[in-house]
2 protein chains.
Amino acid sequence: MPNNQFKKGELYSFITGKASTAIGRRLQKNFKQAGVEITIEQWSVLYHLWKVDGMSQQQLCDATFRDKPSITRLVDNLEKLKLVKRNASKEDRRKNLIVLTPEGKELEEHCMEIANNTLNEALQGVTNGQVEIAKEVLQMVYDNLK
Amino acid sequence: MPNNQFKKGELYSFITGKASTAIGRRLQKNFKQAGVEITIEQWSVLYHLWKVDGMSQQQLCDATFRDKPSITRLVDNLEKLKLVKRNASKEDRRKNLIVLTPEGKELEEHCMEIANNTLNEALQGVTNGQVEIAKEVLQMVYDNLK
DNA sequence: GGCATATAGTTGTTTATGCAACTAAACAAA
DNA sequence: TTTGTTTAGTTGCATAAACAACTATATGCC
């Protein structure tokens, strides 16, 4: 950006993330309507475990961009829901490996379908090219600041 | 979107808003370093009051995309900080008009400078064209779902 | 081996969010 | 005027976020 002045409208929306708030809220609503009783934050943890089961909490922090206390509490609640278990690591006694239960595994297909449909809803009328560019911008922002 | 399938990576980032989380976190850090003792959520309310002083709480809900209880509590805390006051509306006794105090007004310039610099930081290496397209996509997403 | 530093996870605290439920005021229809 | 419906704001509740501080474990250096 050669010129360092933004119109105020851009400033606000970029900072507050209204679009992702709207997606998150819609996804939560769609989960609820479909009888899926997890929060979107819990989903965001399960999402990574479905891809790689048995991650450490620190790995979940990195993957979900949250801090350690937040992950501790999210995992607490997922344990309560019997969707995950903490297994002490054999190689490093500080580490817990978070593993999916059978119920946790079972949720994947249904949740991912709902999430997929929600994103389709959100991106109605947006072209593939626009999505690609938006992705690039958001990735650059994230890389600039993480 | 003719084809309703996304790669999983896109799915996750769009839904969770990692980029705006990163911006928000950086802005909070920059406020703190500059000795500005407000949260970014409080800033988002002040932002609208700096543009239009004396808004009702419902108007702030619409402007900031939050629900009524959230605004009630944000305004509570801003009152505690003596940055705003609630004035009962003369035309409609249900309504509070939220007005800036002199201290609240005084914060504008410094806060907006910090916010501006933070967004510049975030958008390093992004072209004007890319920003424009990203904005359009995010606006469409928001309009599709709000 | 001992000590300094780094790391994983937990606890405390404060702020925030959004759904549900409620009260009071305003508006619309009969 | 009365009644039914809508609207503005508040309270309750559960979940979440992140900073600070802490404990226990692991790593690196002398």
Side-chain angles (χ1 to χ4, degrees), chain A residues 16-18 20-33 37-46 55-81 83-84 86-98 146, chain B residues 16-18 20-33 37-46 55-81 83-84 86-98 146:
Chain A
T16 56
K18 282 167 72 175
S20 59
T21 300
I23 299 180
R25 216 178 277 176
R26 180 59 59 91
L27 180 57
Q28 190 63 80
K29 179 180 159 192
N30 291 345
F31 275 162
K32 185 161 188 171
Q33 283 183 347
E37 302 285 351
I38 62 170
T39 65
I40 54 171
E41 292 88 9
Q42 291 164 358
W43 171 81
S44 77
V45 170
L46 291 171
M55 288 170 106
S56 71
Q57 283 171 234
Q58 181 58 64
Q59 284 172 319
L60 284 171
C61 291
D62 297 335
T64 64
F65 198 46
R66 289 186 179 90
D67 72 357
K68 289 188 283 191
S70 302
I71 290 295
T72 294
R73 287 161 183 142
L74 272 175
V75 171
D76 287 347
N77 281 337
L78 285 169
E79 270 200 311
K80 274 189 217 151
L81 291 172
L83 298 177
V84 306
R86 280 178 168 94
N87 284 346
S89 165
K90 291 181 177 66
E91 324 168 325
D92 185 337
R93 294 186 34 212
R94 300 171 303 179
K95 287 186 182 178
N96 295 324
L97 303 180
I98 311 302
K146 67 175 179 189
Chain B
T16 56
K18 281 166 72 173
S20 60
T21 300
I23 299 181
R25 214 178 281 176
R26 180 60 60 92
L27 180 56
Q28 190 64 81
K29 179 181 159 192
N30 291 344
F31 275 163
K32 185 162 190 170
Q33 283 183 347
E37 303 284 351
I38 62 171
T39 65
I40 54 171
E41 292 87 12
Q42 292 163 359
W43 170 80
S44 79
V45 171
L46 292 171
M55 287 170 107
S56 70
Q57 283 173 233
Q58 181 57 65
Q59 284 172 319
L60 284 171
C61 291
D62 296 336
T64 64
F65 198 46
R66 289 186 177 90
D67 72 357
K68 288 187 287 190
S70 303
I71 290 294
T72 295
R73 285 149 189 156
L74 272 175
V75 170
D76 287 346
N77 282 337
L78 285 169
E79 270 199 312
K80 274 189 216 152
L81 291 172
L83 298 178
V84 305
R86 281 178 169 91
N87 286 345
S89 166
K90 293 182 176 63
E91 322 165 331
D92 184 339
R93 294 187 31 212
R94 299 170 306 177
K95 287 186 182 179
N96 295 323
L97 304 179
I98 311 301
K146 67 173 180 198

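All values below were derived from every heavy atom in this structure, side-chain atoms included, with hydrogens, water molecules and symmetry-related copies excluded. So you know, we letter chains A, B, ... as the sequences are listed, proteins then strands, and number each from 1.
Side-chain proximity of A/Asn96 to C/dG9, D/dA17, D/dA16: nearest is C/dG9. Taking the side chain of A/Lys68 as heavy atoms from C-beta on, and the options C/dA16, C/dT10, C/dA26, the nearest nucleotide is C/dT10. Comparing atom distances between the A/Pro69 side chain and each of C/dC19, C/dT17, D/dA18 picks out D/dA18 as nearest.
From B/Lys80, atom NZ reaches atom CD of B/Gln42 across 10.0 Å, with rounding to the nearest 0.5 Å. Summarising the geometry, atom CG belonging to B/Leu78 is positioned 10.5 Å from atom CD belonging to B/Glu41; distances are rounded to the nearest 0.5 Å. Distance check, rounded to the nearest 0.5 Å: CG of B/Asp76 to CG of B/Leu81 gives 11.0 Å.
Below the 3.5 angstrom threshold, one finds no donor paired with an acceptor across the side chain of A/Lys95 and the base of C/dA8. Counting atom types as modelled, A/Arg73 pairs a side-chain N or O with a base atom of C/dG12 as donor and acceptor under 3.5 Å.
In this structure, CZ of A/Phe31 is placed 17 Å from C1' of C/dC19, rounded to the nearest angstrom. Atoms CD1 (A/Ile71) and P (D/dA18) sit 10 Å apart, rounded to a whole Å. The distance from atom CD of B/Gln57 to atom P of C/dA24 is 17 Å, rounded to the nearest whole Å. Atom pair A/Arg66:CZ and D/dT15:C1' shows a separation of 11 Å (rounding to whole Å applied). Computed from coordinates, the B/Leu74 CG to C/dT14 C1' distance equals 13 Å when rounded to whole Å. Computed from coordinates, the B/Met55 CE to D/dA8 P distance equals 13 Å when rounded to whole Å. A straight line from CD of A/Glu41 to P of D/dA18 spans 11 Å, rounded to a whole angstrom. As a whole-Å value, the separation of B/Lys90 NZ from C/dA25 C1' is 18 Å.
With the nearest nucleotide of DNA chain D identified for both A/Asn77 and B/Gln59, B/Gln59 has the one nearer the 5' end. Comparing A/Arg86 and B/Asp92 by the nucleotide of DNA chain C whose heavy atom lies nearest to each, the residue mapping closer to the 5' end is A/Arg86. Each of A/Phe65 and A/Glu91 has a nearest nucleotide on DNA chain D; the 5'-most of these lies closest to A/Phe65.
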- [ ] Check step by step if side chain to side chain contact (heavy atoms under 4.5 Å, CB included) holds for A/Met55 and A/Leu97.
- [x] CA-CA 5 Å; A/Met55 288 170 106; A/Leu97 303 180; over 6 Å; no
Task: Intermediate values then yes/no, side chain to side chain contact (heavy atoms under 4.5 Å, CB included), A/Phe65 and B/Arg25 - done: CA-CA 11 Å; A/Phe65 198 46; B/Arg25 214 178 281 176; 3.7 Å; yes
Open item on the list: Before you tell me yes or no, could you show the steps for B/Asn87 and B/Asn96 under side chain to side chain contact (heavy atoms under 4.5 Å, CB included), namely the whole-Å CA-CA distance, both residues' side-chain angles and the distance that decides it to 0.1 Å?
Closed with: CA-CA 5 Å; B/Asn87 286 345; B/Asn96 295 323; over 6 Å; no
- [ ] Apply the test side chain to side chain contact (heavy atoms under 4.5 Å, CB included) to residues B/Gln58 and B/Asp62: give CA-CA distance (whole Å), side-chain angles for both, the deciding distance (0.1 Å), then the verdict.
- [x] CA-CA 6 Å; B/Gln58 181 57 65; B/Asp62 296 336; 3.2 Å; yes
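In summary, the side chains of A/Ser70 and A/Asp67 do present a donor paired with an acceptor at a separation below 3.5 Å, with no hydrogens or angles considered. Using a 3.5 Å distance cut-off with no hydrogens or angles, the side chains of B/Arg66 and B/Ser44 do pair a donor with an acceptor.
The phosphate of D/dA20 (OP1 or OP2) has a side-chain N or O of B/Lys32 nearer than 4.0 angstrom. Between A/Thr72 and C/dG9, a side-chain N or O to OP1/OP2 separation shorter than 4.0 Å is absent. Distances shown here put every side-chain N or O of B/Arg93 at or beyond 4.0 Å from the OP1 or OP2 atom of D/dT7. The side chain of A/Thr39 places an N or O atom within less than 4.0 Å of a non-bridging phosphate oxygen (OP1 or OP2) of D/dA16.
Within residues 22-29 of chain A, the residues that place at least one heavy atom under 4.0 Å from DNA chain C are, in residue-number order, A/Arg25.
Partner of A/Gln57 under the side-chain contact (heavy atoms from CB on, under 4.5 Å) criterion, chosen from A/Arg86, A/Lys95, A/Lys68, A/Arg94: A/Arg86.
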Kindly give the atom pairs (protein nitrogen or oxygen, nucleotide nitrogen or oxygen) under 3.5 Å for nucleotides 2-6 of chain C.
none

